[in-house]
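Okay, so here's the structure we're looking at.
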Amino acid sequence: MADDTRRDLPTSLIRVRVSQQDVHYGGGVVAGAKMMEFFGDVATELSIIYDGDEGLMAAYDLVEFKQPVHAGDFLEIRGRITEVGRRSRKVEMEAYKVIEGDWEHGSSAAKVLPEPVLVARARGTVVAPKKA
């Protein structure tokens, strides 16, 4: 049984601008692997906050890419620990587009979106090191 009563479970939020260097496909589309990198960064931050160590992302049991991401987009990647075991931590992460770049015309940012748009989500398990 999970022991998530020890302390409040942390959340994380990182904000990033997707650059032209992140484009992998035609039409300025960024590869899903870049989103996985962002999810890994959030999981690492959650591990540091909760355990004082970067931990290790052991497995993903859900990854969904919902909308394309383009160069010039600004994203918020949100994460939270949802369950705590002896050494494992269940994490959930979501990426939202908050500013949409004008990738077709080369503008750095076309518009702030009225509501964040879910572009990807993931769920997985982070493992903390054994205590000495």
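Starting from 1, each residue takes its place in the sequence as its number.
In this structure, Leu75 and Val69 have side chains that are in contact, with non-hydrogen atoms separated by less than 4.5 Å. Using a 4.5 Å heavy-atom cutoff, the side chains of Val18 and Lys34 are not in contact.
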_Applying side-chain contact (heavy atoms from CB on, under 4.5 Å) to Asp41 and Ile14, what does each step give before you reach the verdict?_
CA-CA 8 Å; Asp41 290 344; Ile14 62 172; 4.0 Å; yes
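Closest non-hydrogen pair, Ile77 versus Ala95, comes out as CG1-CB, 3.9 Å. In terms of heavy atoms, Pro10 sits closest to Tyr50 at CD-CD1, 3.6 Å. Nearest approach of Pro116 to Val98, heavy atoms of both residues: CB-CG1, 4.1 Å. Nearest heavy-atom pair, Gly27 versus His70, reported as atom, atom and distance to 0.1 Å: O-CD2, 3.1 Å. For Gly72 against Arg17, the heavy-atom pair with the smallest separation is CA-NH2, 3.8 Å. Heavy-atom minimum distance, Gly55 versus Ser47: N-CB, 4.1 Å.
Listed by chain and number, the residues in a side-chain contact (heavy atoms from CB on, under 4.5 Å) with Arg80 are Thr11, Thr82, Glu92, Glu94 (sequence neighbours excluded). Taking the side-chain hydrogen bond (donor to acceptor under 3.5 Å, both in side chains) definition, one finds that Glu54 meets it with nothing, sequence neighbours left out. Considering only residues two or more places apart in sequence or on other chains, Lys90 meets the side-chain hydrogen bond (donor to acceptor under 3.5 Å, both in side chains) condition with Thr125. Residues meeting the salt bridge (charged side-chain N to carboxylate O under 4.0 Å, His left out) test with Lys97, sequence neighbours left out: Asp73, Glu100. Every residue two or more places apart in sequence or in another chain that forms a side-chain contact (heavy atoms from CB on, under 4.5 Å) with Ala43 is listed here: Met57, Met93, Val126.
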Just distance, no hydrogens or angles: give the donor-acceptor pairs under 3.5 Å from side chains in residues 59-68, sequence neighbours left out.
unit_1: Asp61; atom_1: OD1; unit_2: Arg123; atom_2: NE; d: 2.7
unit_1: Asp61; atom_1: OD1; unit_2: Arg123; atom_2: NH2; d: 3.3
unit_1: Glu64; atom_1: OE1; unit_2: Arg121; atom_2: NE; d: 2.6

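Under the 3.5 Å distance criterion, the side-chain polar atoms of Arg87 are matched with a main-chain donor or acceptor of Ala128.
For the atom pair CG of Leu46 and CZ of Arg89, the computed distance is 11.5 Å after rounding to the nearest 0.5 Å. One distance of note links NZ of Lys130 with CG of Asp53; it measures 14.5 Å at 0.5 Å rounding. Taken from CD1 in Ile81 to OG in Ser88, the straight-line distance is 10.5 Å, to the nearest 0.5 Å.
Cluster membership check: Val42 shares its hydrophobic cluster with Val119, using side-chain heavy-atom separations under 4.5 Å among Ile, Leu, Val, Met, Phe, Trp and Tyr. Hydrophobic cluster membership differs between Val117 and Leu13, with clusters built from Ile, Leu, Val, Met, Phe, Trp and Tyr side chains linked at under 4.5 angstrom.
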